[in-house]
Structures are given as C-alpha cells and as structure tokens.
S.K.: 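Would you mind keeping the following structure in view while I ask a few things?
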Amino acid sequence: MIFILWIAVFCVPLVACHQTKGTSSSYIQFGDEYVYHWEFDSEASSSTTAHSYQFHSDNTGICEYYDSYINKSNASYNETLSGTVEFVWREAADGAIYLFETDIHYNEDHTEGSTISLISTPIYFSEDFFTYIDYGQYSASSIQYIRKGSKLEKLLED
C-alpha cells in the first residue's frame with residue numbers, strides 16, 4: 001500500500017509534465033494567410049515577390065502568387081508570374097506538409113509561356129509561421145512565411 005502511494009505521489013506528476021510535440025498540421029491556423037514578401041531594386045533590374053498561402057481543414061488550400069522581374073536595359077527579359085494555384089495538402093509521418101497542385105488560374109498580367117509552381121519541398125509549421133528549404137541553383141536557403149495578424153508579424157513590423 002505504501003509503495004502504491006509512493007508511485008502516485010512521485011511518478012504521476014512526472015508523467016503529467018511530459019509534453020508531446022505537436023505535428024505540423026496541429027499548428028496550421030486554417031483560413032489564415034501566410035505571407036512572404038521580398039523586393040529588390042538596383043540600377044540594372046528590379047524584382048518583387050508577393051506570395052500568400054491559405055490552408056483549409058479539409059486538406060485543401062490556395063496560393064496567391066505574384067512575381068515580377070524588370071530588366072531596366074532590356075525589356076525582353078521582363079517577366080511576371082501572376083495567378084492562383086489550388087492545392088491539396090498531406091502530412092507525412094515526420095510531420096512535414098506536402099502540397100499537390102489541383103488547379104491553376106493565371107491573371108491577365110501573367111507572362112505567357114511562364115509557369116507558376118507550388119513549394120515542392122517539405123513544409124514545417126510553428127505557431128506564427130511556416131518554413132521550408134529553397135534549393136537554388138548555387139545554394140539553399142530557409143524561407144519563412146509569416147501568419148498575418150500573428151504576434152511574430154507585429155514584432156517584425158516594429
């Protein structure tokens with residue numbers, strides 16, 4: 001009897017303190033926008049990137065996509081990628097989210113012959129953002145999409 005009481009007093013609180021990590025899908029704020037914005041301007045060219053992702057609880061979502069590149073000395077290099085991509089998303093065993101395109105709609109300002117693509121590498125969510133690795137031609141970098149209206153967005157704006 002004393003042994004059972006000892007277990008209850010000392011071991012139960014240890015078990016209660018054990019926390020499990022949430023999966024990526026448990027961090028997704030369904031219906032909220034996750035945004036990425038980047039601008040560059042030099043004497044030779046300018047570039048604007050504005051993407052937003054919205055995830056729904058039925059494992060669907062949409063991506064609003066806008067990329068503009070302007071070559072200031074040769075307009076034949078100018079390009080605009082503009083449109084909306086619909087997708088379904090699935091969570092892998094390791095918690096990563098993967099996107100699969102289901103439909104795409106190009107805007108009028110989209111450059112004919114160019115294509116828009118979704119993030120193709122694993123996505124990981126946290127409370128206020130999601131991140132993935134972008135593998136460029138010569139290097140890789142981590143990209144973060146910030147949830148609109150989150151504490152992180154407000155902190156970054158200040």
Side-chain angles (χ1 to χ4, degrees), residues 19-158:
Q19 294 180 351
T20 57
K21 292 183 178 179
T23 61
S24 273
S25 62
S26 68
Y27 285 109
I28 298 173
Q29 298 298 311
F30 299 115
D32 285 3
E33 269 188 282
Y34 292 84
V35 296
Y36 175 79
H37 185 82
W38 180 81
E39 290 188 41
F40 171 80
D41 192 18
S42 72
E43 289 182 24
S45 65
S46 66
S47 181
T48 300
T49 297
H51 301 169
S52 71
Y53 280 83
Q54 200 174 64
F55 294 81
H56 306 293
S57 59
D58 65 354
N59 288 79
T60 64
I62 59 169
C63 170
E64 296 289 335
Y65 199 99
Y66 181 81
D67 279 347
S68 173
Y69 174 78
I70 298 171
N71 185 302
K72 295 178 180 176
S73 62
N74 188 344
S76 67
Y77 292 115
N78 294 356
E79 180 179 51
T80 298
L81 303 175
S82 177
T84 302
V85 182
E86 297 175 24
F87 60 87
V88 294
W89 61 270
R90 298 294 186 265
E91 185 169 9
D94 68 350
I97 301 295
Y98 290 86
L99 308 180
F100 305 91
E101 179 186 313
T102 57
D103 201 6
I104 191 163
H105 306 279
Y106 292 108
N107 297 334
E108 286 184 26
D109 61 346
H110 181 79
T111 301
E112 190 174 329
S114 299
T115 58
I116 294 174
S117 60
L118 292 171
I119 297 168
S120 60
T121 57
I123 300 171
Y124 294 94
F125 279 80
S126 187
E127 183 179 342
D128 292 337
F129 69 96
F130 75 74
T131 187
Y132 70 98
I133 302 296
D134 180 33
Y135 296 98
Q137 185 175 2
Y138 302 108
S139 66
S141 59
S142 175
I143 306 293
Q144 294 85 30
Y145 281 69
I146 309 300
R147 185 170 57 88
K148 283 184 95 171
S150 68
K151 291 177 186 176
L152 180 59
E153 180 189 47
K154 290 177 177 101
L155 178 67
L156 296 173
E157 287 177 350
D158 291 341

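Values below: every heavy atom of this structure, side chains too, minus hydrogens, waters and symmetry copies. This one's a predicted model, so the numbers in the text were calculated from it and none came from an experiment.
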S.K.: Any side-chain donor paired with an acceptor under 3.5 Å for Ser82 and Asp109?
M.R.: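 Yes, because at least one side-chain N or O of Ser82 sits under 3.5 Å from a partner of the opposite role on Asp109.
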S.K.: Compute whether any side-chain donor of one residue and acceptor of the other, for Gln54 and Ser52, lie under 3.5 angstrom apart.
M.R.: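 No, Ser52 and Gln54 have no side-chain donor paired with an acceptor closer than 3.5 Å.
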S.K.: Which atoms form the tightest heavy-atom contact between Ala50 and Asp67, and what is the distance?
M.R.: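 So the minimum-distance heavy-atom pair works out to N-OD1, 4.3 Å.
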S.K.: Which residues satisfy the ring-ring contact (aromatic ring centres under 6.0 Å, His included) test with Tyr106, sequence neighbours excluded?
M.R.: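 With neighbours one apart ignored, the set is His110.
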S.K.: Can you run down the salt bridge (Lys or Arg N to Asp or Glu O under 4.0 Å) pairs that involve residues 69-94, sequence neighbours left out, and say none if there aren't any?
M.R.: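 Every pair satisfying salt bridge (Lys or Arg N to Asp or Glu O under 4.0 Å) with a residue in residues 69-94: Asp41-Lys72.
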S.K.: Parallel, tilted or perpendicular: which fits the ring planes of Phe55 and Phe87, with parallel below 30° and perpendicular above 60°?
M.R.: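 Correct class here is perpendicular.
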S.K.: Write out all pairs satisfying salt bridge (Lys or Arg N to Asp or Glu O under 4.0 Å) with one or both partners inside residues 24-34, taking only residues at least two apart or from two chains.
M.R.: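 Found Asp32-Arg147, Glu33-Lys148.
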S.K.: Just to verify, what does Glu101 make a salt bridge (charged side-chain N to carboxylate O under 4.0 Å, His left out) with, not counting sequence neighbours?
M.R.: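 By the salt bridge (charged side-chain N to carboxylate O under 4.0 Å, His left out) rule, Glu101 matches no residue at all.
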S.K.: So, Ser73 and Asn71: side-chain donor and acceptor under 3.5 Å apart, yes or no?
M.R.: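 There is such a pair (donor and acceptor under 3.5 Å, judged by atom type) between the side chains of Ser73 and Asn71.
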S.K.: Restricting to side-chain contact (heavy atoms from CB on, under 4.5 Å), what partner residues turn up for Phe40, sequence neighbours left out?
M.R.: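 Testing Phe40 for side-chain contact (heavy atoms from CB on, under 4.5 Å), a comparison that skips the adjacent residues, returns Trp38, Ser42, Ser45, Ser47.
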S.K.: Assert yes or no for the condition that the ring centre distance of Tyr53 to Tyr34 is strictly below 6.0 Å.
M.R.: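 Ring centroids of Tyr53 and Tyr34 are no less than 6.0 Å from each other.
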S.K.: For Asp134, check salt bridge (charged side-chain N to carboxylate O under 4.0 Å, His left out) against everything at least two apart and list the hits.
M.R.: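 Asp134: no salt bridge (charged side-chain N to carboxylate O under 4.0 Å, His left out) contacts found.
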